[in-house]
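Heavy atoms only: backbone and side chains are in, while hydrogens, waters and symmetry mates are out.
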Amino acid sequence: MKYTEKISKNLNELLMKNYDAEKGYKNAAENVESHTLRQFFDRMASERGEFARELKTEILRFGEEPKDSGSFKGLVHRNWMDLKTLFSSNDEGAIIEEVIRGEEKSLDAYYDILKERNLPASIDALLFKQKTAIQATINSVKVHEELVS
């Protein structure tokens, strides 16, 4: 399939979501008392940072310009921004719920892009791999949620 401006826009939106998720996980790790949760959130921050690097590489590979992590254009919904209000209370259950909500929104974005079926094979494989990892993360976070409740 041909790489298009629409694919570039969609990949940049996923790139921004992964930047946001990485920051959200770092914030979550700083605001939980549980050592296990802190380690988990740190691992997820690293994973989402790696996702962003992979997406950025693909965007560059096709000669397009990746968005900068500092961009706050109104095109991308910031799923993780709601976490800030939760951190003041150090409510681990609420933080976990917000992480799940953010990950489910990210997962929806991956599904939306993957269902178009007009992606080059390398991008399709990358997005499928990342989508699968996000689903696994949601399942893991739900296990942590049960342990906290």
With heavy-atom distances below 4.5 Å as the criterion, would you say the side chains of Ser140 and Met44 are in contact? no

If only side-chain N and O atoms count, and only distance matters, is there a donor-acceptor pair under 3.5 Å linking Arg48 with Thr137?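 On atom types as modelled, these side chains do not qualify, holding no pair under 3.5 Å.
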
Without hydrogens or angle criteria, can the side chains of Tyr110 and Gln135 be said to hold a donor-acceptor pair below 3.5 Å?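 The answer is no; no qualifying pair exists.
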
Could you tell me whether Lys129 atom NZ has more than 12 heavy atoms of other residues or ligands within 6.0 Å of it?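 Correct, the count exceeds 12.
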
Just checking Lys131: does its NZ atom have more than 12 heavy atoms from other residues, nucleotides or ligands closer to it than 6.0 angstrom? yes

Is it true that a side-chain atom of Glu64 and a backbone atom of Ser8 form a donor plus acceptor pair closer than 3.5 Å? no

Got a second to check how far [X]'s [atom1] is from [Y]'s [atom2], nearest 0.5 Å?
{"X": "Asn118", "Y": "Ile123", "atom1": "CG", "atom2": "CD1", "value": "9.5 Å"}
{"X": "Glu13", "Y": "Leu55", "atom1": "CD", "atom2": "CG", "value": "12.0 Å"}
{"X": "Leu127", "Y": "Leu14", "atom1": "CG", "atom2": "CG", "value": "6.0 Å"}
{"X": "Glu58", "Y": "Arg53", "atom1": "CD", "atom2": "CZ", "value": "15.0 Å"}
{"X": "Lys67", "Y": "Asn12", "atom1": "NZ", "atom2": "CG", "value": "5.5 Å"}

Kindly work out whether a path of hydrophobic side-chain contacts (I/L/V/M/F/W/Y, heavy atoms less than 4.5 Å apart) joins Tyr111 to Ile134. yes

Of Glu104, Glu103, Glu98, the residue whose pairing with Arg101 passes salt bridge (charged side-chain N to carboxylate O under 4.0 Å, His left out):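 So the option named by the test is Glu98.
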
